[in-house]
Amino acid sequence: MEKQQTDLERERQYCELCGKMENLLKCGRCRNSFYCSKEHQKQHWKEHKRICKEAEKTQPPKQKPEPEQPPGDEKAPEKCTKKNSPEQADTSEPSAQTTNTEPAQAVGEQAAEEGSNDTTPNGQTSSSPQKLATEYVIPCMNKHGICVVDNFMGEETGLSILEDVKALHKTGRFTDGQVVSQKSDSTKDIRGDKITWVDGKEAGCEKIRFLTSRMDDLVRHCNGKLGNYAINGRTKAMVACYPGNGTGYVRHVDNPNGDGRCVTCIYYLNKDWSAKEHGGLLRIFPEGKAQFADIEPRFDRLLFFWSDRRNPHEVQPAFATRYAITVWYFDADERARAKEKYLTGAGEKGVKVDLGKPSDPS
């Protein structure tokens, strides 16, 4: 196994040009910057070469003189080490993920990144929750507002959670998902998932409860260091299923009205998922950015992002059964204000908020 990636490498795992987080290539020269394709590396070379030359000064001297063209012209950049399990390898062709017709500027601190955990032979994550929180999740969230952790529970545990979810789905407890602010009866035009809420104490939901306890443990080690938030609770777990008939969820914000939710946490359960074949991407549009971030709903993947207006997002049409478990963590102050507004009737007119189970999922 290769040596563990440095913190700098972890914090720069996104395409410098478009912000894409999948299928990354590493600059073979400075080894600090990443691109989704050789073409994007070439387009960004004019800006990157200054940093690349500075970084190269700290590297052992090379026998050949420095080329004036991007190193990608001479040889393909090295593949970025992801340490994903085989079923999570993404074999799709790299493509630009930008909303502009002209090349976007380097995303720098604005981009989200993808991360993975070292795994033991049985597939369990070897990093302790404290180490994962302090060395990866906290700096990643504070820098990008989005954080991806792969191989979170391990193959065996992930499969047992999936079995719980499938069994729960067969009980018929799932109902049509709702939206926080609804002015018409067009919910099905907005979202097409089926959901149920679980606290983990229900029969047959023991593994779901184990998952949420692991989430809580990780967030506990992050508490007080995620932005200015003081997290003091969360929602029940929302188990969601897109049935695979081409339905999705239009662009929306989880917490547009200050209901207390500060961090969205999603765990995906979809084995052998291929976005090219199955769709179902979660596309996040970070506020004020020209780029968007595509997150595949891969098996045993955990995703964090800010729940407020900084991260509008959508679920693209899914053409295979797509399972996810979502919980939202509360900021103490905002939650208290939301409860006060709710109790005093001072909330925004026309908005009904269920303070027990927010119902605007991802």
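Listed by chain and residue number, nothing satisfies the side-chain hydrogen bond (donor to acceptor under 3.5 Å, both in side chains) test with Asn232 (two or more places apart in sequence, or in another chain). Under the side-chain contact (heavy atoms from CB on, under 4.5 Å) criterion, Gln316 pairs with Leu281, Arg283, Glu314, not counting sequence neighbours. Asp199 meets the salt bridge (Lys or Arg N to Asp or Glu O under 4.0 Å) test with no other residue; sequence neighbours excluded. Every side-chain contact (heavy atoms from CB on, under 4.5 Å) that His169 has, sequence neighbours left out, goes to Phe174, Cys241, Tyr323. Considering only residues two or more places apart in sequence or on other chains, Asp216 meets the side-chain hydrogen bond (donor to acceptor under 3.5 Å, both in side chains) condition with Arg234, Tyr329. Considering only residues two or more places apart in sequence or on other chains, Cys262 meets the side-chain contact (heavy atoms from CB on, under 4.5 Å) condition with Tyr229, Ile231, Asp331. Partners of Ser274 by side-chain contact (heavy atoms from CB on, under 4.5 Å), not counting sequence neighbours, listed by chain and number: Lys276, Glu277, His278. Arg220 meets the salt bridge (Lys or Arg N to Asp or Glu O under 4.0 Å) test with Asp217; sequence neighbours excluded. Contacts of Arg310 classified as salt bridge (Lys or Arg N to Asp or Glu O under 4.0 Å), with partners at least two apart in sequence or in another chain: Asp308.
Scanning both residues, Ile146 and Ala293, for their nearest heavy atoms gives CD1-CB, 4.3 Å. The heavy-atom pair separating Pro312 from Glu287 by the smallest distance is CD-N, 4.5 Å. When all heavy atoms of Leu162 and Lys271 are compared, the closest pair comes out as CD2-CG, 4.3 Å. Closest of all the heavy-atom pairs between Pro139 and Ala133 is CD-O, 4.0 Å.
For the pair Arg251 and Phe285, the cation-pi test (distance below 6.0 Å, angle within 45°) is passed.
The closest side-chain heavy-atom distance from Arg322 to Val315 is below 4.5 Å. Leu25 is not listed as a side-chain neighbour of Gln41, based on a closest heavy-atom distance of 4.5 Å or more. Side-chain contact between Asn257 and Arg309: present, with at least one pair of heavy atoms (C-beta onward) separated by less than 4.5 Å. The shortest distance between side-chain heavy atoms of Ile325 and Ile208 falls below 4.5 Å. For the pair Asn255/Glu334, a side-chain contact is recorded, criterion being any heavy-atom separation below 4.5 Å from C-beta on. Within the 4.5 Å cutoff, side-chain heavy atoms of Ile161 are placed close to those of Met153. Using a 4.5 Å cut-off on side-chain heavy atoms (C-beta onward), Trp306 and Leu226 make contact.
Note that OG of Ser128 is 10.0 Å distant from CG of Leu218, once rounded to the nearest 0.5 Å. Atoms CE and CG, on Met215 and Leu211 in that order, are 4.0 Å from each other to the nearest 0.5 Å. Here the CG-CZ distance, from Asn311 to Phe304, works out to 14.0 Å after rounding to the nearest 0.5 Å.
When Thr326, Leu303, Asp150 are each tested for a side-chain contact (heavy atoms from CB on, under 4.5 Å) with Tyr268, only one passes: Leu303. A side-chain contact (heavy atoms from CB on, under 4.5 Å) with Lys194 is found for one member of Asp176, Val239, Thr247 and no other, namely Asp176.
Donor-acceptor pairing under 3.5 Å is recorded for the side chains of Trp328 and Thr264.
Within the structure, ring-ring contact (aromatic ring centres under 6.0 Å, His included) pairs that include any residue of residues 204-225 do not occur (at least two apart or interchain).
When ring centroids are compared, Phe305 and His313 come within the 6.0 Å threshold.
The pair Lys201-Glu206 does not meet the salt-bridge criterion, since no charged nitrogen lies less than 4.0 angstrom from a carboxylate oxygen.
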Decide yes or no on side chain to side chain contact (heavy atoms under 4.5 Å, CB included) for Tyr242 and Tyr249, but give the supporting numbers first. CA-CA 10 Å; Tyr242 287 87; Tyr249 194 165; 3.3 Å; yes
